[in-house]
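The first residue in the sequence is number 1, and the count goes up from there. We count ligands from 1, going down the list as the structure has it; atoms in each ligand are counted the same way.
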Amino acid sequence: MIELGFEAGRMKTGTPPRIDGRSLNYSVMEEQKGDENPGKFSFSDTEPLKKQLSCWITYTNESVHKELEKGFDRSPMFQGRIKGLGPRYCPSIEDKINRFAERERHQIFVEPEGWNTIEIYVNGFSTSLPEDVQYKALTKIPGFENAKMFRPGYAIEYDYFPPTQLKMSLETQLIDNLYFAGQINGTTGYEEAACQGLMAGINAHNKVHEKEPFILKRSEAYIGVLIDDLVNKGTQEPYRMFTSRAEYRILLRQDNADLRLTEKGHQLGLASDQRLENVNTKKEAIASLSKELNEMRAVPIIVNEGLALLESAAITEKVPIVNLLKRPHIGMAELKKLDKQIEGRLNKYSQEILQQVEVALKYETYIEREQQLAEKIESLESYTIKPDFDYDRVKALSSEAREKLKRIRPETIGQMSRISGVSPADVSILTVYLGK
Ligand SMILES: Cc1cc2nc3c(=O)[nH]c(=O)nc-3n(C[C@H](O)[C@H](O)[C@H](O)COP(=O)(O)OP(=O)(O)OC[C@H]3O[C@@H](n4cnc5c(N)ncnc54)[C@H](O)[C@@H]3O)c2cc1C
């Protein structure tokens, strides 16, 4: 790839040792039960998970750290043999005790790997120190005194191609019809890789069929945030998709993923007619419940007793039910308790619909504000820039901006505005220059 002109870099990642779960003493660890209502990855009819395995929490201590330090002179990381940057957010245990020397202990999540295995994943103890050092240090962790290690932890180093060499469709700028997805773009993680694979696949298909590229906006999906960040900002360290990277977090909720994306999936031929129909039925139910809530009135004599129990102010006249729903501590469940008639009307709707409408109403102003912001930014997205635009002609641009713009070649002014190193002043200079 380098011979073809691609710029390449190195990153590293690692994994903790795997332990025989039967050799651990759980009585000295804290139990961490699974979620009572675990969410699902998709809007399917599958039953919510009931049978769950607990995780356990324990901690490292001074003597664990001392044992680990004994291996530092044999560590490929500290000896400089491995130079790539690792994930900042899940550093190895040796990184943690080195960087945060003042911390006396680090949390360890003891995670069973599944129902059909006795193997344990020691989350928080990723390491590439020599096997004997790992083992000795492990046995100093409370509950691990008699631990049997199936496999030691290790780290690997790998190549990546800075993703600023891509178009928003994930096609490379350098070679037509070549798409990059996943770890080679500097991301880490299964979902990060999977979503890029999906997008690159869709776009390769679209290209072959002479259709427009399929690009998700930052305000539409986390996939949109991820690809936009990669292409426009690049990444020096393994990139993970965190909610904190999205500016439209209130719009990008898991409860509305189907409302945001199913129609697009259907247009691409990926989501079935049935799935689209389910989403349309859901939309209708949401509209109908919202209408009912706006029509229903709370009557003082009926609801005030219940409001007092909830330590919420009494009402002095009839008010729309939505007003009560906007109060803190009052959700659909509380509304039902306030008034039998309201309960009867709300019970017609599924929990999913009730929750969706509750979220939409409670956060109405915030949602609207984000929506407006997204629309404002979106207007910049419609200003396209020619792929061969000559940035050298625009003398007023800062040299950093010119260098980045020539390298990244943004497709729109919106995309340009998000490139690190391109200031708002550069954006307005170019906007004026392009006559927008
Ligand atoms: C030790 C370790 C622990 C990790 N732990 C986690 C974790 O707990 N959670 C998490 O979310 N992520 C984890 N990751 C990261 C995650 O595994 C990767 O980011 C993700 O699997 C990358 O997927 P990918 O499809 O981009 O690449 P890969 O899964 O590496 O797939 C690339 C494929 O291409 C094939 N290939 C390479 N060259 C060629 C060629 N010339 N011709 C044909 N085929 C070729 C390879 O054989 C491979 O099958 C971990 C990674 C490592 C190394």
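Of the protein's heavy atoms, at least one falls inside 4.0 Å of atom 16 (C) of ligand 1. Distance remark: protein heavy atom not present below 4.0 angstrom from atom 43 (C) of ligand 1. Under the 4.0 Å distance rule, the nearest protein heavy atom to atom 47 (O) of ligand 1 falls outside the cut-off. Remark: atom 23 (O) of ligand 1 lies closer than 4.0 Å to at least one protein heavy atom. The nearest protein heavy atom to atom 29 (O) of ligand 1 is not closer than 4.0 Å. Under the 4.0 angstrom criterion, atom 12 (N) of ligand 1 counts as having a protein heavy-atom contact. For atom 53 (C) of ligand 1, the nearest protein heavy atom lies under 4.0 Å away. Within the 4.0 Å cut-off (strictly below), a protein heavy atom is located near atom 9 (N) of ligand 1.
Within the set Gly189, Ala194, Ala193, the minimum heavy-atom distance to atom 25 (O) of ligand 1 is found for Ala193. Compare Glu157, Gln196, Gln183 by their heavy atoms: the one nearest to atom 27 (O) of ligand 1 is in Gln183.
For the pair Ser398 (side chain) and Ala401 (backbone), a donor-acceptor distance under 3.5 Å is present. The closest donor-acceptor contact from the side chain of Glu370 to the backbone of Ile367 lies at 3.5 Å or more, if one exists at all. Distance alone, capped at 3.5 Å, places no donor-acceptor pair between the Arg18 side chain and the Arg151 backbone. For the pair Gln173 (side chain) and Ile408 (backbone), a donor-acceptor distance under 3.5 Å is present.
For the residue pair Val427 and Ser417, the shortest heavy atom distance occurs at CG2-CA, 3.8 Å. For the residue pair Lys140 and Asn61, the shortest heavy atom distance occurs at O-ND2, 3.2 Å.
Each of the atoms 8 (O) of ligand 1 lies under 4.0 Å from some heavy atom of Tyr121. Those atoms of ligand 1 with a heavy atom of Ile156 less than 4.0 angstrom away are 53 (C). Close contacts of ligand 1 with Thr13, meaning ligand atoms under 4.0 Å from a residue heavy atom, involve 51 (C), 52 (C), 53 (C). The ligand atoms of ligand 1 that sit less than 4.0 angstrom from a heavy atom of Gly182 are 26 (O).
Cation-pi geometry between Arg245 and Tyr239 is satisfied (NZ or CZ under 6.0 Å from the ring centre, within 45° of the ring normal).
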- request: Dump the intermediate steps for side chain to side chain contact (heavy atoms under 4.5 Å, CB included) on Asn123 and Ile108, then the final yes or no.
  value: CA-CA 6 Å; Asn123 191 343; Ile108 301 289; over 6 Å; no
ring-ring contact (aromatic ring centres under 6.0 Å, His included) assessment of Phe6 paired with Phe180: CA-CA 12 Å; Phe6 283 99; Phe180 280 179; 5.3 Å; yes
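Heavy-atom neighbours of Lys283 NZ from other residues, nucleotides or ligands within 6.0 Å: above the threshold of 12.
Between Lys348 and Glu292, some side-chain heavy-atom pair lies under the 4.5 Å cut-off.
A distance below 6.0 Å separates the ring centres of Phe389 and Tyr391.
In terms of protein heavy atoms, atom 3 (C) of ligand 1 is closest to Gly14 O, 3.7 Å. The protein heavy-atom contact nearest to atom 7 (C) of ligand 1 is Tyr190 OH, 3.4 Å. Closest to atom 1 (C) of ligand 1, if we only count protein heavy atoms, is Thr15 CB, 3.6 Å.
With a 4.0 Å heavy-atom cut-off, ligand 1 is reached by no atom of Ile184.
Residue Arg240 places a heavy atom under 4.0 Å from ligand 1.
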